[in-house]
There are 2 protein chains.
Amino acid sequence: MADTPAPARSAGPGASRPAASARSGGPEAAAPRAGGQRRHASRPTMKDVAARAGVGLKTVSRVVNEEAGVSTDTERRVQEAITALGFRRNDSARVLRKGSTASVGLILEDLADPFYAPLSRAVEEVARAHGALLINGSSAEDPARERELALALCARRVDGLVIVPASEDHRYLAPEIAAGIATVFVDRPPGHIKADMVLSESFDGARSGVAHLIAHGHRRIGFIGDQPRIHTARERLRGYRAAMAEAGLPVADSWVALGGTEPDRVRADAARMLEGQGGGEPVTAFFSGNNRVTVTLVRVLAAPERRGRAALVGFDDFELADLLSPPVTVVAQNPADLGRSAAQLLFRRLAGADDEPRTVCRPTRLIARGSGEIPPPR
Amino acid sequence: MADTPAPARSAGPGASRPAASARSGGPEAAAPRAGGQRRHASRPTMKDVAARAGVGLKTVSRVVNEEAGVSTDTERRVQEAITALGFRRNDSARVLRKGSTASVGLILEDLADPFYAPLSRAVEEVARAHGALLINGSSAEDPARERELALALCARRVDGLVIVPASEDHRYLAPEIAAGIATVFVDRPPGHIKADMVLSESFDGARSGVAHLIAHGHRRIGFIGDQPRIHTARERLRGYRAAMAEAGLPVADSWVALGGTEPDRVRADAARMLEGQGGGEPVTAFFSGNNRVTVTLVRVLAAPERRGRAALVGFDDFELADLLSPPVTVVAQNPADLGRSAAQLLFRRLAGADDEPRTVCRPTRLIARGSGEIPPPR
DNA sequence: CTGAAAGCGCTAACAA
DNA sequence: TTGTTAGCGCTTTCAG
């Protein structure tokens, strides 16, 4: 990350900025500054506005908060002072007094992952509908980072938290929840703590996806999934095993690979399974545990020498899946819906609901497009 | 399991907060609550911790902030009280006193857009490296919403702001910037205000992309871009016109369509251009203004009856572009790099730089993959 | 090494 | 309709 912004073509000439407005009556406050932006200029407060408008502090507060009971004339004078001074209410002070921040936090694995981005956006929309701001952070699948982020958000007194767990133990949140920070888990369940959660039916989804491959004649199916400490990875593997067992098919150890979603790892495991290394016979189909894995498998299977040689069903839908050749059959979740549901559960708590923690399960949907219907060779 | 505090009906609404002094010697930590999460439970303060540990307030502050000059024994006692009470520092109060929030805001069009998601993630990483939190909001390309978000963030006293403009006039930010909120614009320039900005070379990129099509024999090329009020849309159109003009090619009005990125709009415009409706002759190639448009065009051109009938070069790279048939030729930007550069510029200001506003331009890269090298019919 | 007192800028509760 | 007085929970200052 050492790359500094390039040698910049400078923008034009002297950006003279008008001097900051005067502070209560005094001389034109802030000293002139360079074209750049100055830091830490002092900001006018309600007190300054009050002085300038010749009214009391509380009157300014009333105007700023649009409370009733201010004469139109007074209001106008206050508004003028606000504009002249460039006043903006300091919400930190307000929060300190009122106790609520009108903001919620969201912690997930990676904001840039195409699965999580819509989830995040959905949470944002619900928050916005409730007049709250969203603060979000990426845990990068690191439990320590999740914890650090969550506690930082708690220190900022967000009203609530939506978390896609990276950690397996959320007892660290107990005091926070006890102190009133509503918390909802999404995509994966929390560890050692009870709270609302929204999950997709990973087990059922994976089972139906694998059953689909079996129905198309496959008997040797590889499973490539995410790290085993991730709940959804385990559940999907469980679904895979269930489908195989239900069909009376054995599962060779070498057909199952859980690990990071780095393309190299996935590629290596896939190659191994296709060659039949590690004990079992070569697989004729893959079930992949999430969209990152699927995308890499698509690349593996697109290589000329492997073209159409193995079937593929992936967990998670993804953009353009239908335009690949073959188009990719998937078990689709609805990430935006997950986010929306989680946020709704959160705001329900914030509205005062204090019944037992709920678990919402969202169904998955098998979308057959082609890659999952390729028959086994011979 | 130290789970959720035992089931028991909550203290109920209006559970009045005990006087601080009364709390100190009181019962162990938090009161029992219902299975659900209770709202607005009172949180212990430093004062409570001090009382419990039998030390002064400032000593607790020292421990919490890891300041030097506290005996190990005192520190231990304070830590115990902190744990027992479930204390967490209230950052609102801290901010009020210190003036800085260690947080920055990011406003962009849509967090879920595959172009902006990595940009956001990059800003987050830089912020994190500087110990700051990221608060972000989607403007949904609505100027009013951008403004509302930006001002809300200012009220929260973020240290700085990174903005992908939706608005064309940013004078509303002048008082904020004057008051010390560093601001950097990215992807598009600000309106009527001077500030740091990071842009991709839209004009050059589009020109080279269109020139590429011309070099492959095309003379009738359609341009489908984003709304004309978006700076990059205009710049890319300008690049298109420049390339055409440089090749001595005329541009029929019907070959240019700017508008929203909704698939229906794009599809309709594309169909019109392919049929030669609206005056000009049918186009043999498309240049698309951004990744949303490109994806729709890919769909249009993937229809059996149009298979390979028109060439395509798109602005912005996107995942799997290389696996489509034909693979899609693009003018690639680097969104993560844009975000990183913008954030670096921001933290440079926060570190005190107050020189002239800078403009950083990032180059684009033409990636030929196939769709842009299809020759015109005949 | 430790603590008491004075605010940070705002809102709540009361006067006037 | 308006203003005054207390804090919110923390950090700063300065004195023990």
Side-chain angles (χ1 to χ4, degrees), chain A residues 23-24 40-78 81-82 85-102 154-157 179-180, chain B residues 16-21 23-24 40-78 81-82 85-102 154-157 179-180:
Chain A
R23 197 80 187 205
S24 47
H40 277 152
S42 67
R43 298 199 65 137
T45 71
M46 280 192 182
K47 199 173 154 193
D48 300 321
V49 174
R52 166 121 185 184
V55 299
L57 180 55
K58 179 64 197 177
T59 300
V60 176
S61 174
R62 287 198 180 94
V63 171
V64 169
N65 296 301
E66 299 176 316
E67 283 171 37
V70 180
S71 73
T72 28
D73 185 59
T74 311
E75 173 168 0
R76 193 183 39 70
R77 293 210 337 272
V78 172
I82 287 176
L85 260 29
F87 167 82
R88 179 155 319 277
R89 182 179 66 197
N90 184 332
D91 277 355
S92 299
R94 170 168 230 251
V95 163
L96 184 56
R97 197 63 247 246
K98 300 202 70 150
S100 158
T101 53
C154 289
R156 277 163 203 247
R157 298 293 188 269
Chain B
S16 62
R17 174 182 172 146
S21 45
R23 253 193 299 172
S24 43
H40 277 153
S42 68
R43 298 200 66 136
T45 71
M46 280 192 182
K47 197 173 157 193
D48 300 321
V49 174
R52 166 122 186 180
V55 300
L57 179 57
K58 176 63 200 180
T59 299
V60 176
S61 173
R62 286 198 181 93
V63 171
V64 169
N65 297 301
E66 299 177 315
E67 283 171 36
V70 180
S71 72
T72 28
D73 185 60
T74 310
E75 174 168 359
R76 192 184 39 70
R77 294 212 332 277
V78 172
I82 287 176
L85 261 27
F87 168 81
R88 180 155 318 277
R89 182 180 66 198
N90 183 331
D91 277 355
S92 299
R94 172 170 228 249
V95 161
L96 183 55
R97 197 62 245 244
K98 301 202 69 151
S100 158
T101 53
C154 289
R156 278 164 202 246
R157 297 295 188 269

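Throughout, a chain's letter reflects where its sequence line sits, starting with A, and its residues are numbered from 1.
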Take atom [atom1] of [X] and atom [atom2] of [N], then tell me their distance rounded to the nearest Å.
X: B/Arg89; N: D/dC10; atom1: CZ; atom2: C1'; answer: 9 Å
X: B/Glu67; N: C/dT2; atom1: CD; atom2: C1'; answer: 12 Å
X: B/Leu96; N: D/dC10; atom1: CG; atom2: P; answer: 12 Å
X: A/Arg43; N: C/dG9; atom1: CZ; atom2: P; answer: 11 Å
X: A/Asn90; N: D/dC8; atom1: CG; atom2: P; answer: 18 Å
X: B/Lys98; N: D/dT12; atom1: NZ; atom2: C1'; answer: 10 Å
X: B/Asp48; N: D/dG9; atom1: CG; atom2: P; answer: 8 Å
X: B/Leu85; N: D/dG9; atom1: CG; atom2: C1'; answer: 15 Å

- Item | Residues that B/Glu67 engages under salt bridge (Lys or Arg N to Asp or Glu O under 4.0 Å), provided they are two or more places apart | B/Lys58
- Message: Once salt bridge (Lys or Arg N to Asp or Glu O under 4.0 Å) is applied, do any residues pair with A/Arg62, and if so which ones, sequence neighbours excluded?
- Response: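 None.
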- Query: OP1 or OP2 of D/dT12 sitting under 4.0 Å from any side-chain N/O of B/Ser61?
  - Reply: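 Checking B/Ser61 against D/dT12: no side-chain N or O falls below 4.0 Å of OP1 or OP2.
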- Item | A/Thr45 side chain, from C-beta outward: closest of C/dC10, D/dT11, D/dC10 | C/dC10
- Which of these nucleotides, D/dC10, C/dC10, D/dT2, is closest to any side-chain atom of A/Arg94? C/dC10
- Message: Show, in sequence, the C-alpha distance, side-chain angles and deciding distance for B/Arg52 and B/Val49, and conclude whether the side chain to side chain contact (heavy atoms under 4.5 Å, CB included) test is met.
- Response: CA-CA 5 Å; B/Arg52 166 122 186 180; B/Val49 174; 5.7 Å; no
- For A/Asn65, which contact category applies under a 4.0 Å heavy-atom criterion: base, sugar-phosphate, or nothing? sugar-phosphate
- Looking at B/Asn65, B/Asp48, B/Val55, which hits side-chain contact (heavy atoms from CB on, under 4.5 Å) with B/Val60?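 With B/Val60 as partner, B/Asn65, B/Asp48, B/Val55 yield a single side-chain contact (heavy atoms from CB on, under 4.5 Å), made by B/Val55.
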- Item | Residue pair B/Gly86 / B/Arg43: nearest heavy atoms and the distance that separates them |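 Smallest heavy-atom distance, with atoms named: O-NH2, 3.9 Å.
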- Item | Considering all heavy atoms, the nearest A/Arg156-A/Thr101 contact | O-CG2, 3.5 Å
- Got B/Asp73 and B/Arg77 here, is their nearest side-chain heavy-atom distance under 4.5 Å? yes
Please tabulate, one pair per line, each protein N/O and nucleotide N/O from nucleotides 3-6 of chain C that are separated by under 3.5 Å, including the distance.
{"from": "C/dG3", "atom 1": "OP1", "to": "B/Gly56", "atom 2": "N", "distance (Å)": "3.3"}
{"from": "C/dG3", "atom 1": "OP2", "to": "B/Gly56", "atom 2": "N", "distance (Å)": "2.8"}
{"from": "C/dG3", "atom 1": "OP2", "to": "B/Thr59", "atom 2": "OG1", "distance (Å)": "2.4"}
{"from": "C/dG3", "atom 1": "N7", "to": "B/Arg62", "atom 2": "NH1", "distance (Å)": "3.4"}
{"from": "C/dG3", "atom 1": "O6", "to": "B/Arg62", "atom 2": "NH2", "distance (Å)": "2.7"}

